[in-house]
Amino acid sequence: MYCAVALDAYSHRVVGWSIDSSPTAALVTDALGMAIDSRTPPKGAIIHSDQGTQFASWAFTQRAKDSGLVPSMGSVGDCYDNAVRSHSGREYRSYCSTGTAGAPASNSPTPSSSI
């Protein structure tokens, strides 16, 4: 299973997501669509991604541009792209183990364990 997550870089909140059995352009385009529908970003807002082929696809780029967003990609091997994702990943694992943000339930894995 693959999960694409759209994060608000300022608040670190998940604003869109999609799950699929393969890492396709539709996976990331669906997550982007959910983010656009839930946040209604202003024209000219920047949407940043890594160098994955899904994010370089025509469908993803066109969906962003049609919504007035400006696509941006990190450089290859850029550690700063991973810093935001890693921070939010810990919060996501915490949420999955408890159902809410905060301390894990007593019978749940700790937030640092992989899911």
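Computation of the quantities below employed the complete heavy-atom set of this structure, encompassing side-chain atoms and omitting hydrogens, waters and symmetry-equivalent molecules.
- Between Ala25 and Ala59, the shortest heavy-atom distance links the atoms CB-CB, 4.5 Å.
- Closest non-hydrogen pair, Gly33 versus Arg63, comes out as CA-NH2, 3.4 Å.
- Taking the side chain as every heavy atom from C-beta outward, Phe60 and Gln54 never approach each other to under 4.5 Å.
- Each of Met34 and Tyr10 belongs to its own hydrophobic cluster when Ile, Leu, Val, Met, Phe, Trp and Tyr are linked at side-chain heavy-atom distances under 4.5 angstrom.
- For the atom pair Ser67 OG and Leu32 CG, the distance stands at 6.5 Å (nearest 0.5 Å).
- At least one side-chain heavy atom of Leu7 sits less than 4.5 Å from a side-chain heavy atom of Val5.
- Residue His48 comes nearest to Met73 through the heavy atom pair CE1-C, 3.5 Å, listed as atom of the first residue, atom of the second, then distance.
- Scanning for side-chain contact (heavy atoms from CB on, under 4.5 Å) contacts around Ala45 gives Pro41, Pro42, Leu69, with sequence neighbours left out.
- Shown here are the side-chain contact (heavy atoms from CB on, under 4.5 Å) partners of Ser38, two or more places apart in sequence or in another chain: Val15.
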Ignoring hydrogens and angles, write down the donor-acceptor pairs under 3.5 Å from the side chains of residues 17-24, residues two or more places apart or on other chains.
from  : atom 1 : to    : atom 2 : distance (Å)
Ser18 : OG     : Leu27 : O      : 3.4
Thr24 : OG1    : Ala26 : N      : 3.4
Thr24 : OG1    : Leu27 : N      : 3.3

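- Of all the heavy atoms in Val70 and Gly44, the pair that sits closest is CG2-O, 3.8 Å.
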